[in-house]
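Proteins come first, then strands; the chains are lettered A, B, ... in the order of their sequence lines, and each starts at number 1.
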There are 2 protein chains.
Amino acid sequence: MRSLADKIENYLKELLGRSQGSVEIQRSELAQVFDCVPSQINYVLSTRFTVEQGYLVESRRGGGGYLRIVKLPLTDEGPLRRLIEASVDRLTSQQVGEGLIGRLVEEGFLTKREGKLMRAVIDREVLALPLPERDLLRSRLIRAMLLVLLQDDFD
Amino acid sequence: MRSLADKIENYLKELLGRSQGSVEIQRSELAQVFDCVPSQINYVLSTRFTVEQGYLVESRRGGGGYLRIVKLPLTDEGPLRRLIEASVDRLTSQQVGEGLIGRLVEEGFLTKREGKLMRAVIDREVLALPLPERDLLRSRLIRAMLLVLLQDDFD
DNA sequence: ACTTTTTGATTATCTCTGACCTTCATTGTA
DNA sequence: TACAATGAAGGTCAGAGATAATCAAAAAGT
């Protein structure tokens, strides 16, 4: 028997299918529809609607709060994907990061300006954390930026 | 359901759109139109018409009092530099950072992709630090990125 | 045993309200 | 003419209300 999480996932993908690529809904309302606690919705979103899977989830709290799920049109750039996979392992030095960025610029995945932007971000003086944490943070930053590049330009 | 604050925001931006960059209105009158307390207007102004987002709000009390909202164009790099110094100096919340980035994209100083890149960088989940440090780091990152782009303009 | 799902208590964020405060223009009066 | 009193704006701030996010423990699958 399919789990509740699966049902919610299907429901949302159904909605996405017949909309123009994005759905907006209230978390509490959706939870009511499926008669579950609201945090169940978060579970579904975090396991089935990740950026890696091609979704973007935005939300707002407070009065008039909502969840918005956007289906991202993805480029099918194999090399980028592989880089992202590889960067999952956690520590990245500045040197390694700069090498990576340099290659991406050369291969035309990044403009020079974007390259500069990324180099500024991974600079050790800017990050300014003690050393195990700094490399860890740098990895998260690079990964987050690469994921953005996977997205086609839209909207 | 969009919030009241959103509606007031839209209304004002509508007015701004069809005027020549500035709108003058009475706070109490506007509050009446939306059937809310006057301080709600202040809330909208302080969250959606900030300097980071490119607006200037002037006002006057007493008889004949008014609010004036001015949309600031961002043309040369002098004001931009000042903006960077002024708004990103110490602590920057994600909200304020996104406002600033959105504004820079609107003004054509950043491409949409660069905007997305920057947004990814300042995301609280990516930074993943406890709270005073997170806002501090975000400030350094935004500053570093913008400074690099400023320099880039002279290549 | 291990992984995935489900739950709920707690926390964080965004919005809205009202009581009280400050500023400015006008009016009345010595 | 002063200038104090009055009234008509707008400003501030703390608290209440409305959502969503997090996290870890319990439960359910495998």
Legend entry - Out of C:dG8, C:dT15, C:dT17, whichever nucleotide has its closest atom nearest the side chain of A:Val37: C:dG8
Legend entry - D:dA21 phosphate, OP1 or OP2, under 4.0 Å from A:Arg60 side-chain N/O: no
Legend entry - Options C:dC14, C:dG18, C:dT15, nucleotide nearest the side-chain atoms of A:Arg61: C:dC14
Inset, instruction - Check the distance between D:dG29's P and A:Arg2's CZ and give it to me in whole angstrom. - result: 14 Å
Inset, instruction - Would you indicate, yes or no, if D:dA9 has its OP1 or OP2 atom less than 4.0 angstrom from a side-chain nitrogen or oxygen of B:Gln26? - result: yes
Inset, instruction - Would you classify B:Ser28 as touching base, sugar-phosphate or nothing, given that sugar-phosphate means primed atoms plus P, OP1 and OP2, and contacts are heavy atoms under 4.0 Å? - result: sugar-phosphate
Inset, instruction - For B:Ile8 and C:dC14, give me the distance from atom CD1 to atom P, rounded to whole Å. - result: 18 Å
Inset, instruction - Check for a donor-acceptor pair, side chain of B:Ser39 on one end and backbone N or O of B:Asn42 on the other, with a separation under 3.5 Å. - result: no
Inset, instruction - Whole angstrom is fine here: how far is it from CG in A:Asn10 over to P in C:dT5? - result: 13 Å
Legend entry - Whole-Å gap separating C1' (C:dA19) and CG (B:Asn42): 14 Å
Inset, instruction - Could you tell me whether B:Arg48 contacts a base, only the sugar-phosphate backbone, or nothing, with contacts defined as non-hydrogen atoms closer than 4.0 Å? - result: sugar-phosphate
Legend entry - salt_bridge(B:Glu24, B:Arg60) N-O dist < 4.0 Å: no
Inset, instruction - Counting heavy atoms from C-beta on, name the nucleotide in D:dT22, C:dT17, C:dC14 closest to the side chain of B:Gln40. - result: C:dT17
Inset, instruction - Rounded to the nearest angstrom, tell me the gap between atom CG in B:Leu67 and atom P in D:dA8. - result: 18 Å
Inset, instruction - Pick base, sugar-phosphate or nothing for A:Ile41, based on heavy-atom distances below 4.0 Å to the nucleic acid. - result: nothing
Inset, instruction - Considering just the side-chain nitrogens and oxygens of A:Tyr43, establish if one lies under 4.0 Å of OP1 or OP2 belonging to C:dT6. - result: no
Legend entry - B:Glu58 or B:Gly63, whichever maps to the more 5' nucleotide of DNA chain D: B:Gly63
Legend entry - Rounded distance (Å) that lies between atom P of D:dA21 and atom CD of B:Gln95: 15 Å
Legend entry - Donor-acceptor pair between B:Thr50 and B:Glu52 side chains, under 3.5 angstrom: yes
Legend entry - Residue mapping more 5' on DNA chain C - nearest nucleotide basis, B:Gly62 or B:Arg124: B:Arg124
Inset, instruction - Tell me what B:Glu125 touches on the nucleic acid: a base, only sugar-phosphate, or nothing, going by heavy atoms under 4.0 Å. - result: sugar-phosphate
Inset, instruction - Confirm from the modelled atom types if B:Arg27 and D:dA9 form a donor-acceptor pair under 3.5 Å, side chain to base only. - result: no
Legend entry - Protein-nucleotide distance (A:Arg68, atom CZ; D:dA21, atom P), rounded to Å: 13 Å
Legend entry - Among C:dT5, D:dT22, D:dG10, the nucleotide that comes nearest once only the side chain of A:Ala5 is considered: C:dT5
Inset, instruction - Measure from the side-chain N and O atoms of B:Gln26 to the backbone N and O of B:Gly65, and report whether any donor-acceptor pair falls under 3.5 Å. - result: yes
Legend entry - Under 3.5 Å donor-acceptor pair, B:Ser59 side-chain atoms to D:dG10 base atoms: no
Inset, instruction - Verify, without hydrogens or angle tests, whether A:Arg140 (side chain) and B:Leu127 (backbone) share a donor-acceptor contact under 3.5 angstrom. - result: yes
Legend entry - A:Ser3 side chain, from C-beta outward: closest of C:dT17, D:dG11, C:dT5: C:dT5
Legend entry - Nearest non-hydrogen partners of A:Val96 and A:Ser93, listed with the distance: N-OG, 3.1 Å
Legend entry - Integer-rounded Å distance: C:dC16 P and B:Leu30 CG: 13 Å
